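Just below is one structure, and these are the notes that go with it.
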Amino acid sequence: MTSTRLVGRDAELAALGDALADAAAGRPSFAFVAGESGVGKSRLVSELARRARADPGEPVRVLSGDCIDLGATELPYA
């Protein structure tokens, strides 16, 4: 079962929201989301994207990327 609520990530979501607000204000911004497999990185970023798209202000274009699975020889951030 999957919940639509994001629990326990208020600080991280606020930091990403601040970076988004900086970018929307014309100030270059970058956020790097890292962590062990399964800790909720994708869920956190998808929640930020959902909120950004739902904001009634200026339109936001959300771009994202993923690492590819290279098997046992996987390099970090490949």
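Please read these numbers as outputs of a predicted model, since none were measured by experiment.
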Side-chain heavy atoms under 4.5 angstrom apart, residues restricted to Ile, Leu, Val, Met, Phe, Trp, Tyr: same cluster for V39 and L48?
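Shared cluster, no.
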
Heavy-atom closest contact (E36 atom, K41 atom, distance)
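Residues E36 and K41, closest heavy atoms: O-NZ, 2.9 Å.
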
Which heavy atom of A31 sits nearest a heavy atom of L16, and at what distance?
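So the two residues come closest at CB-CD2, 3.4 Å.
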
Partner residues of E47 under the side-chain contact (heavy atoms from CB on, under 4.5 Å) criterion, sequence neighbours left out
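Counting only residues at least two positions away or on another chain, E47 forms a side-chain contact (heavy atoms from CB on, under 4.5 Å) with L6, L13, R43, R50, R51.
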
Looking at side-chain heavy atoms only, is the closest gap between L20 and D55 below 4.5 Å?
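Side chain of L20 against side chain of D55, heavy atoms only: no contact under 4.5 Å found.
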
Is a side-chain donor or acceptor of S29 paired with a backbone partner of A19 at a separation under 3.5 angstrom?
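At least one qualifying donor-acceptor pair exists.
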
